[in-house]
Amino acid sequence: MSTTGNIAITGILTTAGSDGSFPLRRELRDLQRNFPDHYNLLVLALKDFQALNESVQTSYYQIAGIHGLPYKPWNGVGSNSDWQSTSGFGGYCTHSSILFLTWHRPYLALFEQALYNSIQKIANQFPEGALRTKYVEAAKTFRMPYFDWATQPPSGSSAFPSAFTSPTVQVVDVNGKTKSTPNPLYRFVFHPVNPSPDDFPAQWSRFPTTVRYPNPRTGQSQDNRVAPILANELASLRTNVSLLLLSYTNFDAFSFNRWDPNTNPGEFGSLEDVHNEIHDRTGGGGHMSSLDVSSFDPLFWLHHTNVDRLWAIWQDLNPDSFLSPRPAPYSTFNSTQGESQTKDTPLTPFWDKSATKFWTSEEIQDTTTTFGYAYPETQEWKYKTGSEYQAAIRQAVTALYGTNVFANFAAANVQARAAEHTQLVKSLSLATPPPPVPVTAEKPLLITQEMKASPIPEELQHLAPHNKYPEWVVNIRAQKHGLHGAFRVIVFLGPINEDDPDSWQTEFNAVGRVSVLGRSTQGPTTTKCAKCITDAAEELMISGTVPLTSALLQDIVNENTGLQSLQPDEVVPYLKKELKWKVTMFETGEEKNCVEVPGLRVSVTSTEVTIGEDGLPDYSGEYVVYPEITDGKPGGLKEGEHI
Ligand SMILES: N[C@@H](Cc1ccc(O)cc1)C(=O)O
Ligand SMILES: [Cu+2]
């Protein structure tokens, strides 16, 4: 890859196999367990890539810097002065816009192709002979792994893989000897933090490495906090992913989180919304929590690869729906605010294969193979017909994220989670975190092409007479920059410790959240992102969802609650009493209780789901709104109000 002139974004240059196949981007734990040579290459190459001089265009530092800070032009696209003016080039970020998904695809391809340079370099450093042959061979099919944060981790293993939390990792080094080495997925070590003056404001300059859940006093990363927080809201998140993939049929609704008055009752969620909450839940006030700096955490890349995968899956189920033109919410290098953003809008700063013009959404919609990869679920070449292929995708999705909430519930290891919860509470009071688990200890996820949906378990069948049940969803709308910073709305079902914001995320009764990555447009931490400034001026509204059914089921199984069915006659009075929500700001790592949120509106809807003979849910029913549940609560939808 040349480092002068326009860098073409090609992904890893690949020709299809004779059967039409492409190498797969695999789940991290699958790669680690079942493809140890690929994993070994990943560790060595990512270290090599991260160590590149930060002034090199294709270094880890510079590529990460395209997303937010330092807000300087990359690859000659835009000039420094463009970045300064708020009416001009507002940076490259595309969140809350129709281009959210498509912009990140070439971005990931760029990362993958740069990482791949290091992969090839490393493979060829092994001593000539069997060892080199083995790694050079493995390098050919190496692709970027993803972290599937929505799937049920195998029982007894952590919701946040030790591959991210272990400070060190065992590898076979290029001399053929096994050694322990700093783990490049654990964190990125800046070298230095500000290679050019003022890359980062003081808030971020103080961290010499990326951090997760930094201790507000010492700045120390507390990675052991991530797993229990991921586990605690996992059941609801899985339903959310299942709903998005199987019930949303419109690209605009599926893809991004901007709310407008015409949003359908069943479409308050989006992949962007689910993606936001992972930033929040893994960041804990550290780098992942802030769009300005999240891409410096290595986790960002595996997280976004999963987002790209979920989109690829959805797109192949809905090949005819794609983005419809919208007025640009902000100005960029190529389009001015208010001008139509379409599938032909250039995705700056990503030059296409010709390196003379930019990639557009249209060119990358259909297929990931343009960039030389596929996902386990999107191996289209294995199927004779489109409908066989789609049926296989549906089966795989339901097996991973929810055949139906009942099978999901039975599969979820509630006991393991409860134990993890106790461990978290204990570890918070310990001076030193528990010792890291060796990376190889992780259990593999089962990801196969033949995964089958399973039927409703017998002991829960009475809750879904004739295989029908109501799916309950909380919808949340708020003004994105209304609090001048990032905040979340956490939804609870049942009693909580009302007075202690620090404990809310780990309350067992926390069901899920909508995380809002708002930013400041005034004061000392003012963002340089021009898009955010115009968004704020426009009072941009966003929305998100928290599926409730899994928590309701837990309450049904827990006999102390008195709840016995999922039907409205029981659930409505129950929710009226037990449903609550809290808002906290989290940007600084400290939890700040916020009572008033501009534009907040919380509503509850349900829709009837039918589970087919094949175990697949049919989500095509109408949504019913229940204002009586939220009326009278702060920010709740009132009787007679339009959703
Ligand atoms: N936190 C629970 C979800 C839940 C929330 C509230 C409840 O009342 C019950 C269950 C989980 O991890 O699955
Ligand atoms: Cu992101």
Side-chain angles (χ1 to χ4, degrees), residues 64 66-68 92-97 100-101 103-105 107-108 111 147 149 152-153 159 227-240 256-257 270-283 287-297 299-308 310-311 405 408-421 424 472 474 486 490-496 504-513 515 517 546-563 571 574-575 577-581:
I66 294 171
H67 195 255
Y92 305 114
C93 64
T94 60
H95 301 86
S96 300
S97 128
F100 166 69
L101 288 175
W103 185 86
H104 283 81
R105 180 164 284 174
Y107 189 33
L108 289 168
F111 182 89
F147 166 42
W149 25 254
Q152 184 66 41
I229 286 176
L230 283 184
N232 199 35
E233 294 163 32
L234 184 57
S236 176
L237 174 65
R238 290 176 71 201
T239 312
N240 221 349
F256 76 122
N257 70 356
S270 64
L271 186 49
E272 183 178 12
D273 168 44
V274 163
H275 141 275
N276 286 349
E277 74 169 84
I278 299 301
H279 275 280
D280 169 17
R281 287 159 74 194
T282 57
H287 290 75
M288 276 295 278
S289 301
S290 164
L291 293 180
D292 270 342
V293 292
S294 55
S295 47
F296 290 92
D297 187 328
L299 169 61
F300 172 96
W301 300 98
L302 285 89
H303 165 41
H304 265 275
T305 305
N306 195 42
V307 172
D308 184 72
L310 295 173
W311 168 34
V405 285
N408 239 355
F409 177 73
N413 195 327
V414 180
Q415 261 164 352
R417 226 216 24 270
E420 220 165 16
H421 186 254
L424 167 80
W472 294 87
V474 177
I490 310 190
V491 170
F492 306 92
L493 191 55
I496 58 161
W504 289 343
Q505 292 203 77
T506 52
E507 282 282 0
F508 180 81
N509 281 333
V511 183
R513 70 182 69 192
S515 303
L517 303 176
V546 176
L548 272 182
T549 319
S550 55
L552 286 167
L553 271 180
Q554 292 205 32
D555 288 355
I556 292 173
V557 171
N558 169 2
E559 285 156 8
N560 300 330
T561 63
L563 184 66
V571 170
Y574 187 72
L575 290 180
K577 194 161 141 271
E578 302 293 355
L579 183 74
K580 41 179 96 56
W581 52 87

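If you're wondering where the values come from, they're calculated on a predicted model, not measured in any experiment. Numbering of ligands and ligand atoms starts at 1, following listing order.
Remark: side-chain polar atoms of N240 are not paired, donor with acceptor, to backbone N or O of P547 under 3.5 angstrom.
Y107 and F300 have perpendicular rings, their planes meeting at more than 60° on a 0 to 90° scale where under 30° would count as parallel.
At under 3.5 Å, a nitrogen or oxygen of A510, whether backbone or side chain, sits near a nitrogen or oxygen of ligand 1. Backbone and side-chain nitrogen or oxygen atoms of E507 are examined, and none is located within less than 3.5 angstrom of a nitrogen or oxygen of ligand 1. Checked by distance only, ligand 1 and V511 stay at 3.5 Å or farther apart across all their nitrogen or oxygen atoms.
When ring centroids are compared, H304 and F111 stay outside the 6.0 Å threshold.
The Cu ion (ligand 2) lies at 2.8 Å or more from every N, O or S atom belonging to H303. At a cut-off of 2.8 Å, H279 coordinates the Cu ion (ligand 2) through an N, O or S atom. Inclusion of H67 in the first shell of the Cu ion (ligand 2) is not supported: no N, O or S atom falls under 2.8 Å.
No part of S236 comes within 4.0 Å of ligand 1, judged by heavy-atom distances. The proximity of L493 to ligand 1, defined as any non-hydrogen pair under 4.0 Å, involves the side chain as well as the backbone.
Centred on the Cu ion (ligand 2), the NE2 atom of H275 and the NE2 atom of H304 lie at an angle of 100°, reported to 10°.
In this structure the side chain of V307 never reaches within 4.5 angstrom of the side chain of H104, judged on heavy atoms.
Of all atoms in ligand 1, numbered sequentially from 1 with element shown, those under 4.0 Å from a heavy atom of Q554 are 9 (C), 10 (C), 11 (C), 13 (O).
In this structure, A551 is part of the shell of residues with a heavy atom less than 4.0 angstrom from ligand 1.
Checking T561 against D555 by side-chain atom types alone, no donor-acceptor pair falls below 3.5 Å.
Atom OG1 of residue T282 and atom CE of residue M288 lie 3.5 Å apart, to the nearest 0.5 angstrom. Note that CH2 of W301 and CG of N306 are 15.0 Å apart. Values are rounded to the nearest 0.5 Å. Once rounded to the nearest 0.5 Å, the distance linking CG of L299 with CH2 of W149 reads 11.0 Å.
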